[in-house]
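In this text the structure is predicted, and so the values were computed from the model without any measurement. Here is how names work: the chains are called A, B, and so on, in the same order as the sequence lines, proteins then strands, and each is numbered from 1.
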Protein chains: 2
Amino acid sequence: MATDYEKLYSAKSIVEKLNIPNKYMRRIMTNLSKNNFIVSIQGRDGGYKFMKSPDNIYLAEIIDSVDGIDKYMGCVLGFNECTPESSCAMHKSWTDTKEKLYNTLSKTSLANLIKDTINKF
Amino acid sequence: MATDYEKLYSAKSIVEKLNIPNKYMRRIMTNLSKNNFIVSIQGRDGGYKFMKSPDNIYLAEIIDSVDGIDKYMGCVLGFNECTPESSCAMHKSWTDTKEKLYNTLSKTSLANLIKDTINKF
DNA sequence: AACAAATGCTACAACGAAGTAGCATATAGA
DNA sequence: TCTATATGCTACTTCGTTGTAGCATTTGTT
């Protein structure tokens, strides 16, 4: 979809391509459109397209807006009271890993993903 | 527990220390003992202790045996048919990340974790 | 205006993981 | 041998996420 980002894609075409449930996918798309990543056009010949260029959409933004980034930023071992001063055994190494991942996600745009490889999806 | 690995720790003491549900924790410990990471001793004055030295217990082993490593090794985007030849847009970068993480987990023993930092847990 | 083809909304179902309850079993010690 | 104090087992409950169903709404075409 990002390969031709000004084109309108119907839910039906996306569902067929990705082989995922129709209604569920539409719910996700509606959510994305509420979060201003895509525009949804209702009515006959409607569909979804990007709101801005894929160069300017970063993975971290999407994750944060859909799932909430906090979900992935907590303690690996699930301790609530895990802080730098009083931390779990994996705290340091895991925090480092998270940071690195987050940096990558913040810098990687959808456009980057496209040009990287020959993709099926 | 790994700091004094030949000592026997009761479920009760572990539960109080970690502040997690008793029964649930016992179920996990039973599982770990079936997978030969720890030995459980039943009856009065019973408890759990390590089966071998923490130097020889690696994080990857534990994860694999408890959760099954496959659970974490699939496609990030959840496509079943995601292979090197026909892959999703994040395939390459994510595979690299997984490899690195797995290497670290394979090399990190419980003993390593202990000496790293001042830990609460 | 009526119809068809699209998305939007909301309540419900199915499923897996996390957590609970109750009883069974094991064992040290008086 | 009896009792108190442990863990083991298994069925049930709770909760969040994924997925479904049905109807409402929007809009292009005739």
(Q) To the nearest 0.5 Å, what is the distance between OH on A/Tyr58 and OG on A/Ser109? (A) 5.5 Å

**Q.** Close approaches to DNA chain D from residues 3-14 of chain B, in residue order (heavy atom, under 4.0 Å)
**A.** B/Ser10, B/Ala11

Q | Most 5' of A/Asp45 and B/Gly46 on DNA chain D, judged by nearest nucleotide | A | B/Gly46

Q | Exercise: identify the closest heavy-atom pair between A/Lys49 and A/Met1 | A | CA-CE, 3.8 Å

Q.
For A/Lys52, I'd like to know if atom NZ has over 12 heavy atoms of other residues, nucleotides or ligands within 6.0 Å.
A. yes

(Q) According to salt bridge (Lys or Arg N to Asp or Glu O under 4.0 Å), who are the partners of A/Asp96, at least two apart in sequence or on a separate chain? (A) A/Lys92

Q) Mapping B/Ile41 and A/Pro21 to their closest nucleotides on DNA chain D, which lands nearer the 5' end? A) B/Ile41

What N/O pairs connect the protein and nucleotides 21-23 of chain C at under 3.5 Å? Give each pair on its own line.
from	atom 1	to	atom 2	distance (Å)
C/dA21	N7	B/Lys23	NZ	3.4
C/dG22	N7	B/Lys23	NZ	2.6
C/dG22	O6	B/Lys23	NZ	2.5

Q) More than 12 heavy atoms of other residues, nucleotides or ligands under 6.0 Å from NZ of B/Lys12: is that the case? A) no

Q: Output the single nucleotide from C/dA17, C/dA28, D/dG8 whose closest atom is nearest the side chain of B/Lys71.
A: C/dA17

Q | Protein-nucleotide distance (A/Tyr24, atom OH; D/dT17, atom P), rounded to Å | A | 9 Å

Q | Minimal non-hydrogen separation, A/Met29 against A/Ile38, with atom names | A | O-CD1, 3.4 Å

Q.
Check this one for me: any side-chain N or O of B/Thr30 less than 4.0 Å away from OP1 or OP2 of D/dG8?
A. yes

